[in-house]
S.K.: 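Have a look at the structure that comes next, please.
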Amino acid sequence: MTFWIILALLSLVVAIAVLVPLWRGKTDTARERNDEAVFKQQLKEVERDLARGTIDPSMAEAARIEISRRLLEAHRENSRDEEEATGSLPLKLAKLSVVVGLPLLAIGIYMGVGAPGYADQPLAKRLANMPDQTNFVELISRTEDHLRRNPDDAQGWSVIGPVYMRMGAFDKAVDAFERVLKISGPSSGAQMSLAEARIFANDGIVDASSVALLQAVLAEEPEQIKPRFYMAMALGQAGKKQEAVEAWNKLIAEGAENEPWVQAAKGERAALLDNNTPILAPQPPATSGPSKEDVEAASQMTKADREAMISSMVDSLAQRLVDDGGTVEEWSRLIRSQSVMGNKEAAVKSLENAKQAFAADAAALKVFNELSTQLGLAN
Amino acid sequence: MIVEFGHFALVLALVASLIQSVFPVWGAVRGDSRMMAMASPLAIAMFLLVLLSFFCLTWAYLTSDFSVMNVFQNSHTDKPLIFKISGVWGNHEGSILLWVLILVLFGALVAMFSKNIPNALKATALSAQAWVSAAFLAFVIFTSNPFLRINQPPLQGSDLNPMLQDIGLAIHPPLLYVGYVGFSIVFAFAVAALILGRIDAAWARWVRPWVLVSWIFLTLGIAMGSYWAYYELGWGGWWFWDPVENASFMPWLTGTALLHTAIVMEKRNALKVWTVFLAIVTFSLSLLGTFLVRSGVLTSVHAFAVDPTRGLYILTILMVFIGGSFSLFAWRAPLLKQGGIFAPVSREGALVLNNLFLTTATAIVMFGTLYPLVLEAATGTKISVGAPFFNLTFGPLMMPVLLVMPFGQLLAWKRGDLWAVTQRLVAAFVLCVIATIGLAWFYAGSGVLVIIGFGFATWAIIGSVFEIIDRMNIRRVGLAGGFNRLKGMPRTVWSTALGHLGVGLTALGIVTVSAFESETVLVMHPGDTVEKSGYHVTYDGSWDQRGPNYVERVARYTMRDGGNVVRVLEPSKRVYNASGTPMTETAIATFGFSQVYFAIGDNTDDGGLVTRLYMKPLITLIWIGCLIMSLGGFIALTDRRLRVGAPKPARKSNRHSQPAPAE
Amino acid sequence: MTRKQRRLTLIGLAGVVIAVATGLILYALDDKIAFFQSPSDIAANQIDVGQRIRLGGLVSMDSVETSDSGSVSFKVEDGGADIKVVYVGILPDLFREGQGIVAEGFVDEGGVFRADQVLAKHDENYMPKEVYEALKEQDHVYDDETLKQSN
């Protein structure tokens with residue numbers, strides 16, 4: 001309500017300022033003719049300068065003649081002026097436009113373009129409203145700093161990689177997983193992560209290098225769902241429709257109906273059978289990865305936008321763990337990440353939060369305690 | 001809710017400008033003094049509303065309110081305070097808001113400080129200006145709104161383009177905009193004169209301060225932009241004939257012409273129609289510049305807005321205003337009364353000549369700027385019209401301007417004596433020849449073009465101050481008498497002399513740098529020493545360090561002159577954290593008017609560093625000249641003295657003591 | 001001098017100045033402007049040795065070589081052809097392999113492009129317009145439409 005009152009007051013002040021001259025009676029009706037005044041002023045200046053000796057008398061004389069001629073001219077012109085106009089319709093229109101048009105039009109346009117009543121969101125206030133929240137942005141940038149100084153820290157890269165994935169920074173995730181592979185050699189986990197990151201970075205296109213990685217993973221673990229899912233997609237994208245449909249069928253036959261990736265696989269299969277639908281963005285079998293919309297949004301965003309999206313997604317992740325809780329694994333991952341990133345304080349805090357959340361679960365508490373000794377968090 | 005108040009204030013300003021567009025001018029045409037009286041409070045209200053709105057946006061930047069789209073896109077919590085503020089106008093939406101703010105500021109200034117202007121003229125001019133305000137306010141609100149909000153505000157912004165994180169950028173656009181937009185007032189007065197069908201010397205007197213203010217700021221803005229490009233882009237160039245630079249240079253050229261015809265009009269009541277024409281052209285070129293920069297039709301170092309719908313909108317504004325005002329001109333100008341008459345050889349004549357060259361030069365710049373765009377649109381052929389084109393076409397046109405300048409200063413109004421003036425300038429000519437030979441000897445330059453360049457520049461410099469020396473007449477009245485005369489000299493003499501001196505100095509700087517700058521690019525290893533223009537430059541080494549929102553590699557160089565350390569320079573290469581964009585920071589050592597310029601490139605595999613050294617002789621004169629020009633303009637602005645140009649009786653002979661009317 | 005004579009003098013003078021300016025423009029257009037060319041254009045058409053052109057394309061991967069004298073050589077390609085470029089000076093901040101650039105200079109007798117200016121895009125989102133269009137002609141850039149059709 002205050003908001004609207006202030007808007008109304010603002011409009012009122014403007015309207016009054018304009019209405020005052022309108023309501024004043026007709027002051028002088030004769031048009032002001034200041035050019036005559038200017039010429040008279042000029043004449044005086046000539047006299048003054050002559051008295052001061054800054055111009056020669058002959059010059060002053062010439063100037064005086066010149067000015068007088070113009071003065072006469074102006075006078076002649078001004079005396080021809082027409083009479084003041086009569087009739088008050090335009091005046092009424094003017095008043096109406098100020099009293100009615102100004103506030104109505106302004107509020108009308110504002111309702112269309114503005115966000116009435118949306119409070120300010122200064123960062124300081126928002127941060128203050130999030131007690132106990134670890135600032136993820138800061139955490140990430142600290143980890144990035146750490147990795148910039150120690151680019152050979154495979155563990156660091158493998159921690160930040162999934163974070164990038166979750167935030168939609170797929171290019172960065174690709175880079176991180178590539179480094180992990182380079183530093184600590186091939187492992188099916190890292191290969192799988194890299195392949196997935198590449199696919200996401202390519203807007204769902206499974207390129208040759210990703211296929212090679214997936215095949216490497218399948219050589220180790222032929223039964224794993226994820227690589228098979230993406231391989232099926234690759235087949236579809238390569239135009240091998242028959243083989244792709246078969247692969248999907250096999251996958252779908254294995255999965256339980258309620259698993260989310262099965263739905264995605266069915267969608268992909270349907271898209272294949274209905275040839276006209278392009279297969280651009282996959283629905284990955286990940287449990288809580290970014291949604292299709294997120295991927296699409298992220299791929300259309302500029303790098304800078306994407307980075308900002310990251311921070312908001314991390315933010316929501318942190319919020320979710322504190323607000324809604326999470327699994328033991330999720331908490332462990334968070335604590336481990338924080339610890340590796342060098343933010344021991346935050347890790348300890350998360351550890352306490354986690355213990356609180358699982359206070360009744362002895363097995364979980366054991367996991368957390370082991371983790372704490374392992375990471376050196378318990379003093 | 002501060003942000004939303006700002007948004008509403010902006011909308012309210014739009015509505016106020018719509019009312020302003022209609023009623024005061026209607027009142028003026030009908031002769032209704034009350035409707036005319038609406039103009040001043042409306043103009044002031046519009047300014048206060050846009051100012052409020054601008055402060056609200058600034059507030060959002062200061063508090064890092066990322067629920068505002070514009071703040072989120074262009075700011076970052078790590079950014080130093082000054083760049084949080086300059087970030088407000090370092091982007092498309094904010095810069096248009098600043099543009100509008102300055103526009104309404106000028107309207108309010110006219111409303112407040114023009115007490116002796118006839119009401120009808122004032123009301124009509126303010127209405128005419130409100131047409132421009134309304135168009136641009138609508139542009140801001142409907143296509144470039146800086147107050148749009150995000151429902152789920154992110155926790156961090158995406159940072160400002162690092163190239164724009166520079167103190168030069170913080171000041172450059174506001175200066176340039178004051179210049180650009182100030183001409184809108186002149187335009188509004190011209191349109192008002194056409195509508196009311198009356199124009200006289202008094203009109204010129206009211207308009208000239210606005211011309212001067214705009215011109216001063218435009219001059220400073222261009223100089224500043226040039227210096228910014230020089231030290232920030234790391235290429236050592238100070239003028240690229242980039243379309244965006246041309247966009248500000250064209251209104252400067254016609255604005256300079258307008259400045260001079262306004263004098264003629266005020267003093268001699270002549271060249272009225274031409275002055276009105278120039279006023280319209282100048283503002284049209286300002287609009288054209290805004291269009292070129294804001295629409296994204298160019299790919300240029302400055303263009304940071306790319307959105308075709310906006311381009312189309314500005315193009316429409318451009319066509320409506322330029323088309324409308326020229327139609328009005330064609331319709332009403334013949335009604336304006338012809339003014340005073342003068343002989344071809346007179347100060348007026350010299351000013352006409354100056355105008356002729358300036359407008360032709362403008363046409364050339366405009367051709368070079370628009371031709372590639374038109375050609376590409378029409379035939380698809382892509383060409384680049386760059387420095388070689390402009391140097392060949394623009395350069396020769398400026399030479400006669402430099403040549404005629406000293407004559408113009410000394411010629412009498414209405415009817416001058418060229419022979420007498422030439423005789424007076426003989427001494428200046430002798431000095432000019434000596435100075436040219438001296439410069440050519442000092443820089444060991446012997447090319448014909450160099451000699452010609454030095455000749456024209458020194459002629460302009462010596463010729464411009466010659467009037468003052470001549471008026472002091474020390475030979476006759478002695479040193480003390482001379483100084484007395486110096487004190488009593490009218491300010492117009494000073495402003496003219498300084499303005500022309502500035503042109504000469506800039507010209508000298510340009511000639512010297514173009515002819516004698518030298519560049520060395522080499523790979524240096526720590527401890528290496530290279531000889532550059534008499535100085536020994538040693539590369540001491542490089543290290544990494546962190547700034548508030550970037551990491552940088554700094555290289556240290558020591559300059560020695562015969563064993564003594566004269567300067568230690570630390571150019572660097574930065575990478576900004578948020579965007580990952582690299583930037584070169586140059587280091588510059590100034591010696592007198594000359595500079596040595598350092599920029600570093602990448603490290604080589606064996607630990608060397610690519611180093612680029614420039615010797616830039618007399619380069620600072622380019623910008624010092626601009627400052628002196630502006631100073632001249634400022635002095636002219638303070639001059640409230642005699643503003644009537646009576647024909648001057650010749651002093652030495654009596655031949656012209658009776659000025660014969662030329663009519 | 002009458003008003004008419006004065007006007008004629010002025011018009012005559014203006015005519016002379018404009019004629020000179022037009023002459024200068026025509027001469028400069030012939031000689032001083034640079035046409036934009038892609039590597040494919042250069043390969044397809046005979047370009048006069050020494051004629052100023054602007055070259056646009058992508059810097060080929062693994063083609064950048066720096067010499068001790070500070071000169072750099074690299075290849076620029078557009079998918080259709082490539083050309084060797086030699087440049088003395090500091091490359092722009094955003095010069096990278098695989099990145100779009102514009103170089104201004106001329107082709108020498110050996111078919112090598114001697115650049116006196118190299119421009120790279122100025123921020124992460126910007127590609128020189130000319131380069132973008134040249135690459136599009138060579139099917140190196142996919143916009144949404146072509147991407148959909150290819151699937």
Side-chain angles (χ1 to χ4, degrees), chain A residues 3 6-7 10-11 14 17-18 20-22 24 26-27 29 31-35 37-38 42 45-46 49 54 58-59 62-63 66-67 70 74 82 84-85 90-91 94 97-98 101-102 105-106 109-110 113-124 137 304-305 307-309 311-312 315, chain B residues 1-5 7-9 11-12 14-16 19 23 26 30-35 37-38 41-42 45 63-67 72 77 116-120 141 145 147 149 152-159 200-202 205 269 488 490 578-579 641-644 646-649 657 659:
Chain A
F3 178 72
I6 294 176
L7 294 200
L10 205 58
S11 317
V14 174
V18 181
V20 167
L22 275 183
R24 232 180 0 217
K26 286 194 179 184
T27 44
T29 48
R31 285 198 189 183
E32 293 159 60
R33 283 303 177 200
N34 299 44
D35 39 359
V38 169
Q42 282 185 340
E45 277 179 17
V46 173
D49 282 335
T54 33
S58 60
M59 232 174 111
E66 182 97 6
I67 298 166
R70 290 188 204 160
E82 69 272 43
E84 179 85 359
L91 198 63
S97 75
V98 172
L102 184 88
L105 196 56
I109 295 176
Y110 172 73
V113 295
Y118 187 176
D120 292 344
Q121 304 280 332
L123 192 64
V137 183
D305 289 346
E307 264 172 12
M309 180 172 158
S311 39
S312 79
D315 187 28
Chain B
M1 286 198 243
I2 289 171
V3 176
E4 290 304 312
F5 292 139
H7 198 170
F8 180 73
V11 173
L12 202 57
L14 169 67
V15 180
I19 295 175
F23 294 103
W26 196 357
R30 281 171 36 89
D32 186 323
S33 60
R34 284 175 297 179
M35 273 161 77
M38 288 168 81
L42 269 173
T63 58
S64 292
D65 186 340
F66 295 126
S67 70
F72 156 64
T77 47
N116 61 348
I117 295 185
N119 264 342
I141 292 171
N145 198 323
F147 289 104
R149 307 290 293 271
Q152 297 283 324
L155 270 178
Q156 189 50 280
S158 32
D159 208 359
D200 50 31
R205 181 177 192 152
N269 207 18
S579 53
R641 233 194 115 265
L642 181 72
R643 283 283 177 71
V644 61
K648 206 185 285 177
S657 57

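Labels below follow one simple rule: chain letters A, B, ... track the order of the sequence lines, proteins then strands, and each chain is numbered from 1.
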S.K.: Given the options Ala119(A), Gly117(A), Ala115(A), which has more heavy-atom pairs under 4.5 Å with chain B than any of the others?
M.R.: Ala115(A)
S.K.: Where does the angle between the aromatic ring planes of Phe5(B) and Phe3(A) fall among parallel (under 30°), tilted (30 to 60°) and perpendicular (over 60°)?
M.R.: parallel
S.K.: Quick one: closest heavy-atom pair of Pro90(A) and Phe23(B), and the distance?
M.R.: O-CE2, 4.0 Å
S.K.: Provide the closest heavy-atom pair for Leu12(B) versus Ala106(A) in the form atom of the first, atom of the second, distance.
M.R.: CD1-CB, 3.3 Å
S.K.: Heavy atoms only: give me the nearest Ala17(A)-Pro41(B) pair and the separation to one decimal.
M.R.: O-CB, 3.4 Å
S.K.: Backbone N or O of Asp120(A) within a donor-acceptor pair of the Asp65(B) side chain at under 3.5 Å?
M.R.: no
S.K.: Return the minimal non-hydrogen interatomic distance between Val11(B) and Tyr110(A), and the atom names on each side.
M.R.: CG1-N, 4.0 Å
S.K.: So which part of Phe147(B) gets closer than 4.5 Å to some heavy atom of chain A, the side chain, the backbone, both or neither?
M.R.: neither
S.K.: When rounded to the nearest 0.5 angstrom, what distance separates OH in Tyr118(A) from CD in Glu4(B)?
M.R.: 9.0 Å
S.K.: Could you give me the CA-CA distance, side-chain angles and deciding distance for Met1(B) and Ile6(A), then say whether side-chain contact (heavy atoms from CB on, under 4.5 Å) is met?
M.R.: CA-CA 11 Å; Met1(B) 286 198 243; Ile6(A) 294 176; over 6 Å; no
S.K.: Is it the backbone or the side chain of Ile19(B) that comes under 4.5 Å from a heavy atom of chain A, or both, or neither?
M.R.: side chain
S.K.: How long is the straight-line distance from CD1 of Ile109(A) back to CD1 of Ile141(B), given to the nearest 0.5 Å?
M.R.: 6.5 Å
S.K.: Is there a donor-acceptor contact under 3.5 Å from the side chain of Gln121(A) to the main chain of Phe66(B)?
M.R.: no
S.K.: Quick check: closest heavy atoms across Ala45(B) and Val14(A), and the distance to 0.1 Å?
M.R.: CB-CG1, 4.2 Å
